Q: 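Quick one: structure below, then a few questions.
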Amino acid sequence: VPHIKTYYQLGPDQESMEYLIVSSHNLSKAAWGEIQNSQRYGGRRLFVRHWELGVFVSPSLLGCRRLVPFGTATRTGDVA
């Protein structure tokens with residue numbers, strides 16, 4: 001059984017989404033990574049313990065004005 005997570009940020013109008021993420025990531029340092037200072041690797045590096053797969057969607061990536069929930073697209077330029 002997949003362990004899919006969905007994260008989104010509502011837009012200022014409280015109807016559309018600024019972005020949508022569908023992923024298997026948890027909200028943890030292990031899944032998203034942590035910036036570490038390391039003399040061994042020559043300074044700062046991103047250390048990730050778990051590699052996960054996710055999809056990030058935003059209106060600009062789709063070339064549209066707004067992302068809205070399925071079935072609610074009412075304006076020109078909406079993508080549902």
Side-chain angles (χ1 to χ4, degrees):
V1 175
H3 56 282
I4 296 173
K5 280 77 170 182
T6 305
Y7 307 103
Y8 63 92
Q9 174 65 48
L10 284 177
D13 61 6
Q14 298 296 303
E15 294 177 2
S16 62
M17 293 176 277
E18 295 287 323
Y19 62 82
L20 170 71
I21 300 171
V22 179
S23 177
S24 58
H25 293 83
N26 291 312
L27 293 177
S28 67
K29 287 181 183 179
W32 289 93
E34 175 181 24
I35 300 292
Q36 295 182 340
N37 292 317
S38 172
Q39 291 180 351
R40 179 178 180 184
Y41 295 103
R44 293 170 44 128
R45 70 179 184 145
L46 177 63
F47 182 70
V48 180
R49 289 179 177 83
H50 301 276
W51 293 98
E52 305 275 350
L53 180 63
V55 177
F56 175 87
V57 180
S58 71
S60 62
L61 286 173
L62 299 176
C64 65
R65 194 170 46 86
R66 297 187 333 151
L67 290 176
V68 295
F70 182 74
T72 63
T74 58
R75 301 180 193 170
T76 303
D78 285 355
V79 171

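These figures come from a predicted structure and were not determined experimentally.
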Q: How long is the gap from OG on S23 to CD1 on I4, to the nearest 0.5 Å?
A: 9.0 Å
Q: Do other residues, nucleotides or ligands put more than 12 heavy atoms under 6.0 Å from Q39 CD?
A: no
Q: Under the ring-ring contact (aromatic ring centres under 6.0 Å, His included) test, which residues partner Y19, sequence neighbours left out?
A: F56
Q: For atom CG of L53, is the number of surrounding heavy atoms from other residues, nucleotides or ligands below 6.0 Å larger than 12?
A: no
Q: Can you give me the closest heavy-atom contact between P12 and E18, atom names plus distance?
A: CD-OE2, 3.1 Å
Q: Taking only residues two or more places apart in sequence, or in another chain, which ones meet K29 in a salt bridge (charged side-chain N to carboxylate O under 4.0 Å, His left out)?
A: E34
Q: For Y8, does the OH atom sit with more than 12 other heavy atoms under 6.0 Å from it, leaving out its own atoms?
A: no
Q: Using the test side-chain hydrogen bond (donor to acceptor under 3.5 Å, both in side chains), find all partners of S38 that sit at least two apart in sequence or belong to another chain.
A: none
Q: With sequence neighbours excluded, what pairs up with R45 under the side-chain hydrogen bond (donor to acceptor under 3.5 Å, both in side chains) test?
A: Q36
Q: Going by side-chain hydrogen bond (donor to acceptor under 3.5 Å, both in side chains), name the residues that satisfy it together with T6, two or more places apart in sequence or in a different chain.
A: none
Q: Can you name the residues that form a side-chain contact (heavy atoms from CB on, under 4.5 Å) with L46, not counting sequence neighbours?
A: I35, V48
